[in-house]
Amino acid sequence: MYQTLLTHLENGILTITINRPDKLNALNKDVFNDLNKVLDEIESNASIKSVVITGAGPKAFVAGADISEFADLNKAQAMALSKRGQDTFARIENCTKPFVAAVNGFALGGGCELAMSCHFRVASENAKFGQPEVNLGLIPGYGGTQRLVQLIGKGKAMELLMSAHLIDANEAKQYGLVNYVTTADTLLDHTKKILEIINSKAPLAVAGCIKAANAVYDETKDGYALEIAEFGNCFDTADRKEGVAAFLEKRKASFTSK
Ligand code: COA
């Protein structure tokens, strides 16, 4: 079904593995085509509750955009490439199902940008993060200049963007770029355990949290007004009635996404 991705759906969690290990899972056109296809599937398939994205092989999550595709680009083509990357990653960021990056090695350039477009990140202790584009005479083109500043603050982001310096998993945790650092062996299980907890909550309320939190960074939206609207929407849902009734009846709620 996909040329460059492996997918596996279990207990409502879709695991996506970017599968070009011989190229350290670099993001080429085929990967972007597949990511857009799998996003269509995630948006339309009700049995997918949440998503983990990771990289094949022991070495890399994603070592960046595929540099071999950069050799002959002109300015207009480069801008189109950047726009396509940004649009794809915006689909991940705005997906109303939780999307988590399980970072198992190098997350460089487009790989760091992909991880940053996810709702949060878990890293194995061998993970390395960075935006090394200035080594190539480039800047990040898939949202990295914006999301790195949002996630770790302007001062440290500026340093990493301008110096191409890579940080390890523990430093990334210290800056808030990742939520947890695990061993390589436990990375996926740890990530899935978090998603199992999230999957047990009311899905429409979880979606509302994603929309409202994303509005903080969207100048076209009034996040407080959006929060009021989403809070109100919850009151029209069967899951809100079930959640409140279950609390009052001292039992576990059973949500239906309605
Ligand atoms: N684009 C295309 N190919 C890439 C790639 C990328 N971003 N990153 C790695 N590869 C390829 C290498 O060319 C090599 O392919 P080959 O075996 O056909 O020659 C293969 O993946 C393995 O990489 P290699 O460089 O041999 O591994 P390493 O362990 O010596 O180094 C890195 C690992 C991540 C430090 C190094 O691959 C690297 O610097 N990659 C580019 C990182 C980057 O600048 N990313 C931002 C791009 S905008």
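Predicted, not measured: the structure shown is a model, and the values here were computed from it. Positions are given from 1 along the sequence. Both counts, for ligands and for their atoms, begin at 1 and track the order of listing.
Atom 25 (O) of ligand 1 is never approached by the protein to below 4.0 angstrom, counting heavy atoms only. For atom 36 (C) of ligand 1, no protein heavy-atom neighbour is present inside the 4.0 Å cut-off. Protein heavy atoms are found inside the 4.0 Å sphere centred on atom 2 (C) of ligand 1. The protein reaches atom 29 (O) of ligand 1 closely, with a heavy atom under 4.0 angstrom from it. For atom 13 (O) of ligand 1, no protein heavy-atom neighbour is present inside the 4.0 Å cut-off. Atom 7 (N) of ligand 1 is approached by the protein to below 4.0 angstrom, counting heavy atoms only. Closer than 4.0 Å to atom 10 (N) of ligand 1 lies at least one heavy atom of the protein.
Less than 4.0 angstrom separates some heavy atom of F106 from each of these atoms of ligand 1: 33 (C), 34 (C). Near A26, meaning under 4.0 Å from one of its heavy atoms, ligand 1 places the atoms 1 (N), 2 (C), 6 (C).
F70 CZ: more than 12 foreign heavy atoms inside a 6.0 Å radius. Within 6.0 Å of the NZ atom in K37, the count of heavy atoms belonging to other residues, nucleotides or ligands exceeds 12. Counted within 6.0 Å of CD on Q146, heavy atoms from surrounding residues, nucleotides or ligands total 12 or fewer; the atom is thus considered open. At most 12 heavy atoms of other shown residues, nucleotides or ligands fall within 6.0 angstrom of atom NZ in K258.
Of the protein's non-hydrogen atoms, L108 CD1, 4.9 Å is the one closest to atom 39 (O) of ligand 1. Looking from atom 22 (C) of ligand 1 to the surrounding protein, the closest heavy atom is L24 CG, 3.8 Å. In terms of protein heavy atoms, atom 44 (O) of ligand 1 is closest to P132 CG, 3.6 Å.
Ring geometry, F32 versus F89: the interplanar angle falls from 30° to 60°, so the pair is classed tilted.
Distance alone, capped at 3.5 Å, places no donor-acceptor pair between the N25 side chain and the G57 backbone. Under a 3.5 Å cut-off, the side chain of S82 and the backbone N or O of A78 do not form any donor-acceptor pair.
Look at A65 and you'll find a heavy atom under 4.0 Å from some atom of ligand 1. Distances from ligand 1 to the non-hydrogen atoms of K59 include at least one value under 4.0 Å. Residue contacts with ligand 1 include D66, since one or more of its heavy atoms lies under 4.0 Å from the ligand. Look at D22 and you'll find a heavy atom under 4.0 Å from some atom of ligand 1.
No part of L138 comes within 4.0 Å of ligand 1, judged by heavy-atom distances. Contacts between A63 and ligand 1 below 4.0 angstrom, taking non-hydrogen atoms only, involve backbone and side chain alike.
Atom CD of E196 and atom NZ of K49 lie 14.0 Å apart (nearest 0.5 Å). Here the CG atom belonging to N36 is positioned 13.5 Å from the CD atom belonging to E41, to the nearest 0.5 angstrom. Distance check: L166 CG to Q131 CD gives 10.0 Å after rounding to the nearest 0.5 Å.
At under 3.5 Å, a nitrogen or oxygen of K23, whether backbone or side chain, sits near a nitrogen or oxygen of ligand 1. Distances between N or O atoms of I67 and those of ligand 1 include at least one value under 3.5 Å.
In the candidate list G109, G105, G141, G109 is nearest to atom 46 (C) of ligand 1, counting heavy atoms.
Tested against Y142, the residues L114, D87, L81, T88 include a single side-chain contact (heavy atoms from CB on, under 4.5 Å) partner, L81.
A salt bridge links E159 to K156: one of the charged nitrogens lies within less than 4.0 Å of a carboxylate oxygen.
If you check the side chains of T256 and D239, you find a donor sitting under 3.5 Å from an acceptor.
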